[in-house]
Amino acid sequence: MPQGPSAARPLRWSVHKNFRIWYDPGNIFYYSNGELDPVVDAATVDRLVVGMCIKDYRHPKDVLVTPGNGKVNFPAVLARLKKGGFTRGPLVVECLERGDLKKTLAEASKARRFLEELTGQKASAAAPTPMTSAAQLNAGIASIDITPPIGYRMSGYFRERLSTGIANPLNAKAIVLRQGKESAALVSCDIIGLSPDVSSRARKKAAEKTGIPPANILIAATHTHTGPLYFGALRKHLHDLAVAKYGSDPCEKVDYPAELVNKLVNVITEANASVKPFRMEAGMAEQQGLSFNRRFHMKDGSVRFNPGVLNPDIVRTAGPIDPEVGMVSFRAVDTGGIDAALVNFTLHLDTVGGTKYAADYPFYLEQSLRQKYGNEFTLLFGTGTCGDINHIDVTKKQRLKTDYIGRTLAETVKAKAEHLKTITQPALAVRSEIVSVPLQHYGPEKVALARENIKKVGTRELSFLEQVEAYKILAVEMRRSETIPLEVQVFRLSRDVAIVGLPGEVFVDFGLAIKRASPFPTTLVIELCQDAPGYIPTKKAFAEGSYETVNSRIAPGGGEIMADAAIKLTKIAYNSR
């Protein structure tokens, strides 16, 4: 049994449509001694699969297993094959558990029920509800300006930086979804992150006004580094200094957190009041050349982030990228026009700099899309898991510009928008879970040293990583707990499309793992939802070190716990009524 690449190679040479692949995930495990996951291998046979053997695998070297009782993640394999073009074709059960005739018949019945659950083609107690008579999906769209006053502190760097102007406004944009008794809201904000206090208050108040459950409201930050510094350890330090010196803080003439809460409530309420019938279209495109992993193995054995362009000591990158562009467009039933879209791409929003408020490259993405869809078109940008991804190609001197990134991404979106798959059977549902993961712990001496060192942040008296560590330790202390709650949300739009919301600046490996394991062919993963607890690195990255791990609040392993919860929730959402 050849594995994907070796099977696909001769078929790609052939132009005849009759030469195609019968995919057998159990044998992928069998002939790789359990090491090659068919979810990963399936990506190598895109557009070539015409049928699938529902064969499971149990280590070592056992395929006489009733499907669903072994190692193969069939929903994720089928979702990946569907993403690659396998939309219809036979699914055949080849193997069952060993036994006499009575047991064989019982195991065959189990296999049939498993296939019914897997495909959703028969209504039963164990199968997902068929969507043949789904209620109409209604959606409402709204936007509100959340730009602070000039002179307010700006976020993104380890120094005090006061705003001097507005390059382009900062906005919060909301889409409210209603189908039958189900309701949900998605909000995207042009800020660096959300404090848990702001997001929890906004969700609670919005729920009271709209009836949308707080757990069904996702509020995400795009992570622009040219927005307000309104919470966190550095803001507290700078605010306390100002109050001690002036009696009040001249940089905070308004209560921005309170204003932000009110505006988030208003934009959700406005979107809820404007719901009307919409048709959703969804899919994925690929965008190369804009995103790069920023962590590198160096000749001295270390791993460094952003080691500088053309650095001769770079050996290789320390991680992957995620080039997928996830899209969900909302086409009004009455006009046929696309009024809004959610676009998900994995690239850090730190491409502007300076002291003027700016929404970074999503602003240019939206402006370019408006040239096609009209000035009333609204873009919700969902930042992918880009904790270790930026826009710097270290092999070239020239750095990508903000407007180029946004407009290039827009061309990819516009090209794919004409070929998105219409969601004919919407099935709105939301599932969420809060997982508690350990925080890093520091003793009294470390905390006392951090309180002294925070005074040197923004100076040359401390190295950069020492400044980062001081800030991080005080951020951990502000949590006042041994653990940190990480809320994971999954929004099911249909049996084919889901949106996953995660808190923090998440490493790309986690987003990729969630997409691979998700039973939904189109899965968008958005970071910095509800909370900004710093970086969420992998165990591997913690062992390697460098900036992101120094600036992480969680203990090693916390990211894996969160990702596992997200994968579990996608399966629950897929199978729930």
Item to complete: Could you walk me through whether Thr222 and Ser188 pass the side-chain contact (heavy atoms from CB on, under 4.5 Å) test, one step at a time?
Response: CA-CA 7 Å; Thr222 63; Ser188 173; 3.5 Å; yes

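- With a 4.5 Å cut-off on side-chain heavy atoms, Arg331 and Asp339 do not count as touching.
- To the nearest 0.5 angstrom, Ile499 atom CD1 is 13.5 Å from Thr570 atom OG1.
- Inter-residue side-chain proximity for Lys539 and Glu560 is flagged as met; some heavy-atom pair is nearer than 4.5 Å.
- The CZ atom of Phe345 sits 9.5 Å away from the SG atom of Cys386 when rounded to the nearest 0.5 Å.
- Side-chain atoms of Ser546 come within 3.5 Å of backbone N or O of Phe305 as a donor-acceptor pair.
- Of the possible polar contacts, none joining the His297 side chain to the Val303 backbone as a donor-acceptor pair under 3.5 Å is found.
- Of all the heavy atoms in Leu349 and His225, the pair that sits closest is O-ND1, 2.9 Å.
- The side-chain heavy atoms of Cys529 and Pro503, taken from C-beta on, include no pair separated by under 4.5 Å.
- The distance from atom CD1 of Ile217 to atom OG of Ser432, rounded to the nearest 0.5 Å, is 11.5 Å.
- Between Val394 and Asn311, every side-chain heavy-atom pair lies at or beyond the 4.5 Å cut-off.
- Electrostatic pairing of Asp24 and Lys55 counts as a salt bridge here, judged by a charged N lying under 4.0 Å from a carboxylate O.
- Remark: the backbone N or O of Gly319 is not paired with any side-chain donor or acceptor of Lys540 at under 3.5 angstrom.
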Item to complete: Take His391 and His348 through the test ring pair (Phe, Tyr, Trp, His ring centres under 6.0 Å) and record every step on the way to the result.
Response: CA-CA 7 Å; His391 65 297; His348 226 82; 9.2 Å; no

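- The salt bridge (Lys or Arg N to Asp or Glu O under 4.0 Å) check on Arg80 picks up Asp46, with sequence neighbours excluded.
- Looking at Met562 and Ile554, their side chains never come closer than 4.5 Å, going by heavy atoms from C-beta outward.
- Closest approach of Ala573 to Phe520, counting heavy atoms only: C-CZ, 4.1 Å.
- In this structure, the side chains of Arg294 and Glu548 come closer than 4.5 Å at one or more pairs of heavy atoms.
- Applying the 6.0 Å contact sphere to CD of Glu286 captures more than 12 heavy atoms from other residues, nucleotides or ligands.
- Checking side-chain atoms of Arg407 against main-chain N and O of Leu365 turns up no donor-acceptor pair under 3.5 Å.
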Practice prompt. Show your working on side-chain contact (heavy atoms from CB on, under 4.5 Å) between Thr385 and Leu502 and close with a plain yes or no.
Written response: CA-CA 9 Å; Thr385 53; Leu502 306 172; 4.2 Å; yes

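- In this view, Thr346 satisfies the side chain to side chain donor-acceptor pair (under 3.5 Å) rule with no residue, not counting sequence neighbours.
- Rounding to the nearest 0.5 Å places OH of Tyr364 at 5.5 Å from CG of Asp403.
- Residues that satisfy the salt bridge (Lys or Arg N to Asp or Glu O under 4.0 Å) test with Lys82, not counting sequence neighbours, are Asp496.
- A donor-acceptor pair under 3.5 Å is formed between the side chain of Ser155 and the backbone N or O of Gly227.
- Ion pairing of Arg295 with Glu544 is present here, as a side-chain N (NZ or NE/NH1/NH2) and a carboxylate O approach within less than 4.0 Å.
- Here the closest heavy-atom approach between residue Ala541 and residue Thr549 is recorded as O-CG2, 3.3 Å.
- Under 3.5 Å, the side chains of Lys276 and Asn138 contain no donor-acceptor pair of N or O atoms.
- Nearest heavy-atom pair across Gln179 and Ala135 is NE2-O, 2.9 Å.
- Within a 6.0 Å radius of NZ in Lys263, other residues, nucleotides and ligands contribute more than 12 heavy atoms.
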Donor-acceptor pairs are to be reported for all side-chain atoms of residues 321-329 against protein atoms at under 3.5 Å, with residues two or more places apart or in another chain.
residue: Asp322; atom: OD1; partner: Glu324; partner atom: N; Å: 3.1
residue: Asp322; atom: OD2; partner: Lys515; partner atom: NZ; Å: 2.7
residue: Glu324; atom: OE1; partner: Lys515; partner atom: NZ; Å: 3.2
residue: Glu324; atom: OE2; partner: Lys83; partner atom: NZ; Å: 3.1
residue: Ser329; atom: OG; partner: Glu281; partner atom: OE1; Å: 3.3

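- Annotation: Tyr361 is not in aromatic contact with Tyr404 [ring centroid separation under 6.0 Å not met].
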Item to complete: Tell me, with the steps shown, if Ile536 and Phe510 meet side-chain contact (heavy atoms from CB on, under 4.5 Å).
Response: CA-CA 9 Å; Ile536 312 289; Phe510 290 130; 4.2 Å; yes

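- Partners of Glu433 under the salt bridge (Lys or Arg N to Asp or Glu O under 4.0 Å) rule, at least two apart in sequence or in another chain, are Lys568.
- Inter-residue side-chain proximity for Phe330 and Ile175 is flagged as met; some heavy-atom pair is nearer than 4.5 Å.
- A salt bridge links Glu418 to Lys372: one of the charged nitrogens lies within less than 4.0 Å of a carboxylate oxygen.
- Contact of the Ile423 side chain with the Arg279 side chain is not registered, since no non-hydrogen atoms from C-beta on lie closer than 4.5 Å.
- A side-chain N or O of Tyr23 and one of Asp41 form a donor-acceptor pair less than 3.5 Å apart.
- Side-chain contact, Thr412 with Gln287: a donor N or O sits under 3.5 Å from an acceptor N or O.
- Here the straight-line distance linking atom CD1 of Ile141 with atom CG of Leu379 works out to 11.5 Å at 0.5 Å rounding.
- Inspection of the Asp360 and Thr351 side chains reveals an N or O donor paired with an N or O acceptor under 3.5 Å.
- When only modelled atom types and interatomic distance are considered, Ser576 and Arg431 share a side-chain donor-acceptor pair under 3.5 Å.
- Residues forming a salt bridge (Lys or Arg N to Asp or Glu O under 4.0 Å) with Arg370 (at least two apart in sequence, or on another chain): Glu366.
- Residue Thr383 holds its OG1 atom at 10.0 Å from CD of Glu505, rounded to the nearest 0.5 Å.
- The environment of NZ in Lys401 is sparse: at most 12 heavy-atom neighbours from other residues, nucleotides or ligands sit within 6.0 Å.
- Looking at Asn272 and Arg178, their side chains do bring a donor and an acceptor atom within 3.5 Å of each other.
- Ring-plane geometry between Tyr535 and Phe507 is classed as perpendicular, the angle between the planes exceeding 60 degrees on a 0 to 90 degree scale with a lower cut at 30.
- Under a 4.0 Å N-O distance rule, the pair Glu487/Arg203 qualifies as a salt bridge.
- Between Val267 and Ala174, the shortest heavy-atom contact is O-CB, 3.8 Å.
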Item to complete: Would you check, one step at a time, whether the test side-chain contact (heavy atoms from CB on, under 4.5 Å) holds for Leu78 with Met52?
Response: CA-CA 9 Å; Leu78 188 57; Met52 180 177 171; 4.2 Å; yes

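- Using modelled atom types, one side-chain atom of Asn344 and one backbone atom of Gly382 make a donor-acceptor pair closer than 3.5 Å.
- Judged purely by distance below 3.5 Å, without hydrogens or angles, the side chains of Thr422 and Thr424 never pair a donor atom with an acceptor atom.
- Minimum heavy-atom separation, Val50 to Pro90: O-CD, 3.4 Å.
- Side-chain N/O atoms of Asn390 and Asp350 include no donor and acceptor closer than 3.5 Å.
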